[in-house]
Number of protein chains: 2
Amino acid sequence: MRKCWWRGKFEGAGLRLTSPRLAIIDILSKTTKHPSAEDIYLTLRQKYNNDNIGLTTVYRTLEILVNMGIVYKFDFGDGRTRYELSEGPDGFRHHHHLVCTECGRIIDYTDFIDEEKELLDRTEKGLAEKYHFQIHKHLIQFYGLCENCQLNKP
Amino acid sequence: MRKCWWRGKFEGAGLRLTSPRLAIIDILSKTTKHPSAEDIYLTLRQKYNNDNIGLTTVYRTLEILVNMGIVYKFDFGDGRTRYELSEGPDGFRHHHHLVCTECGRIIDYTDFIDEEKELLDRTEKGLAEKYHFQIHKHLIQFYGLCENCQLNKP
DNA sequence: AATTTTATTGATAATGGTTTTCATTTCTAG
DNA sequence: CTAGAAATGAAAACCATTATCAATAAAATT
């Protein structure tokens with residue numbers, strides 16, 4: 001996979017790959033978590049010692065990245081939007097989420113993805129035909145209690 | 001199915017089945033849509049000519065209903081929470097959603113549900129074992145363009 | 001019935017994540 | 001160099017949802 005496969009997308013749209021934008025992509029590419037806009041903003045200040053990037057810019061950048069398909073947007077039910085890098089057009093590392101409703105912990109799983117994918121493809125085709133829908137993406141999430149929260153909340 | 005299978009749940013929890021609560025359940029039971037709290041609030045005033053129920057009560061009632069499993073809560077990405085009756089403990093009319101990202105239209109589909117259910121059950125078991133998660137529910141949604149929006153947005 | 005307790009309610013204010021506004025700065029094309 | 005476009009951050013606005021609180025209604029107890 002090319003290192004910065006998104007460069008072309010920026011150029012094509014007449015957008016500039018500025019340092020705030022690169023920093024935000026960098027943060028996303030180095031975490032396995034699902035940071036919120038504020039998480040990213042705080043990381044910028046703490047880890048990158050960058051006091052010059054405003055929260056507004058973080059939100060704006062994320063919106064651009066989502067629209068370009070570089071970043072996926074998720075709602076795990078805790079009142080804030082969370083983001084994660086889509087990891088390229090080849091879709092490698094495609095996964096779904098397991099969400100702990102107690103502590104908010106998220107587990108990315110890739111198990112069963114192949115079977116899921118096969119079923120989803122068939123379902124998408126069927127639904128597209130029946131409802132004349134042009135399906136662009138799907139969302140699968142499981143909600144429950146993680147190991148810790150099972151013990152602490154009997 | 002019993003007509004008001006939720007009565008017992010209210011009694012059991014020491015809660016009262018007041019007229020605002022009944023009205024809200026009634027609205028939910030008579031729609032195939034996925035109203036937001038404000039939608040329900042407006043319906044109360046318009047269709048039920050009831051000026052006495054405040055928005056706060058709608059939110060509070062919905063929270064109770066969700067906690068009791070009488071109502072499901074959804075986020076379709078338009079910034080407001082949407083609600084729908086779970087339709088009883090037997091789970092009849094179990095369905096998933098097709099969401100138009102352009103106009104927000106929601107289609108409930110029950111096609112492929114059986115196959116999905118079979119896969120989901122297997123997946124849940126596998127995930128529960130591997131990650132020691134106690135899974136309570138799942139979410140499956142497809143996003144795309146509905147028929148109208150495909151034509152109007154070429 | 002009268003009284004005490006508990007649950008419910010709605011108006012209002014507060015919260016908090018996200019967006020808008022706007023004046024300023026930075027980049028780029030010509 | 002210069003004009004135009006894009007990007008930025010601070011502050012204000014937005015808006016769905018929640019908390020506060022005093023008032024009311026229903027149930028439990030006397």
Side-chain angles (χ1 to χ4, degrees), chain A residues 6-27 34-45 48-68 70-83 104, chain B residues 6-27 34-45 48-68 70-83 104:
Chain A
W6 55 76
R7 279 189 182 277
K9 294 207 176 195
F10 270 87
E11 288 158 6
L15 296 176
R16 298 169 191 165
L17 213 34
T18 60
S19 67
R21 290 173 180 176
L22 285 169
I24 290 168
I25 296 177
D26 190 54
I27 287 174
H34 308 78
S36 66
E38 200 189 359
D39 290 339
I40 293 171
Y41 172 71
L42 291 176
T43 305
L44 279 170
R45 327 200 107 213
Y48 288 61
N49 281 336
N50 195 336
D51 296 6
N52 306 322
I53 299 180
L55 186 53
T56 309
T57 300
V58 176
Y59 274 107
R60 263 187 304 230
T61 301
L62 288 169
E63 195 194 351
I64 292 170
L65 294 172
V66 168
N67 287 338
M68 285 180 166
I70 295 165
V71 162
Y72 293 146
K73 205 175 173 179
F74 291 95
D75 169 70
F76 295 131
D78 65 344
R80 67 203 69 206
T81 304
R82 297 183 170 279
Y83 302 87
Chain B
W6 55 78
R7 279 191 182 276
K9 293 207 176 195
F10 271 87
E11 288 159 6
L15 296 176
R16 298 171 191 164
L17 213 34
T18 61
S19 66
R21 291 174 181 176
L22 284 169
I24 290 168
I25 295 177
D26 191 54
I27 288 174
H34 308 77
S36 65
E38 200 189 357
D39 291 337
I40 293 171
Y41 171 71
L42 292 176
T43 306
L44 278 170
R45 325 200 110 215
Y48 288 62
N49 281 336
N50 195 335
D51 296 7
N52 305 322
I53 299 181
L55 186 53
T56 308
T57 299
V58 176
Y59 274 107
R60 262 188 305 229
T61 300
L62 288 169
E63 195 195 351
I64 291 170
L65 295 172
V66 168
N67 288 337
M68 286 181 165
I70 295 165
V71 162
Y72 293 146
K73 205 175 173 179
F74 290 96
D75 169 69
F76 295 133
D78 65 344
R80 67 201 71 206
T81 304
R82 297 183 170 279
Y83 302 87

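Per chain, numbering begins at 1; letters A, B, ... match sequence-line order.
- Between the P atom of dT18(D) and the CG atom of L62(B) lies a distance of 10 Å, rounded to the nearest Å.
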Should Y41(A) and T56(A) be marked as a side-chain contact (heavy atoms from CB on, under 4.5 Å) after you check the CA-CA gap, both sets of side-chain angles, and the distance that decides it? CA-CA 9 Å; Y41(A) 172 71; T56(A) 309; over 6 Å; no
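- If you measure from atom CD of E38(B) to atom C1' of dC14(D), you get 13 Å, rounded to the nearest angstrom.
- Both G14(B) and L55(B) lie close to DNA chain C; mapped to their nearest nucleotides by heavy-atom distance, the more 5′-ward contact belongs to G14(B).
- For Y59(A) and dC14(D), the OH to C1' distance is 13 Å, given to the nearest whole Å.
- Rounding to whole angstrom units, CD of residue E11(B) and P of dT6(C) are separated by 20 Å.
- The distance from atom CD of E63(B) to atom C1' of dT17(D) is 10 Å, rounded to the nearest whole Å.
- The base of dA6(D) lies outside donor-acceptor range of the side chain of T18(A), with no N or O pair under 3.5 Å.
- Aromatic ring centroids of F74(A) and H34(A) lie 6.0 Å or more apart.
- Rounded to an integer number of Å, the gap from CZ of R80(A) to C1' of dA16(D) is 15 Å.
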Starting from the C-alpha separation in whole Å, work towards a yes-or-no answer on side-chain contact (heavy atoms from CB on, under 4.5 Å) for K73(A) and V71(A). CA-CA 7 Å; K73(A) 205 175 173 179; V71(A) 162; 5.9 Å; no
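- Between the side chain of D39(B) and the backbone N or O of S36(B) there is at least one donor-acceptor pair closer than 3.5 Å.
- Atom CD1 in I53(A) sits roughly 12 Å away from atom C1' in dA7(D) (whole-Å rounding).
- With the nearest nucleotide of DNA chain D identified for both I64(A) and T56(B), I64(A) has the one nearer the 5' end.
- T81(A) has a side-chain polar atom (N or O) that falls below the 4.0 Å cut-off from OP1 or OP2 of dT18(C).
- Take the nearest nucleotide of DNA chain C for L15(B) and for Y41(B): the residue whose nucleotide is more 5' is L15(B).
- Atom CZ in R60(B) sits about 19 Å away from atom P in dA16(D), given to the nearest Å.
- In this structure, the separation between CZ on R60(B) and OG1 on T57(B) is 4.5 Å, given to the nearest 0.5 Å.
- Interface remark: the R16(B) side chain does form a donor-acceptor pair with the dT6(C) base, using a distance-only criterion of under 3.5 Å.
- Residue S36(B) is classed as having no contact, given no heavy-atom separation below 4.0 Å to the nucleic acid.
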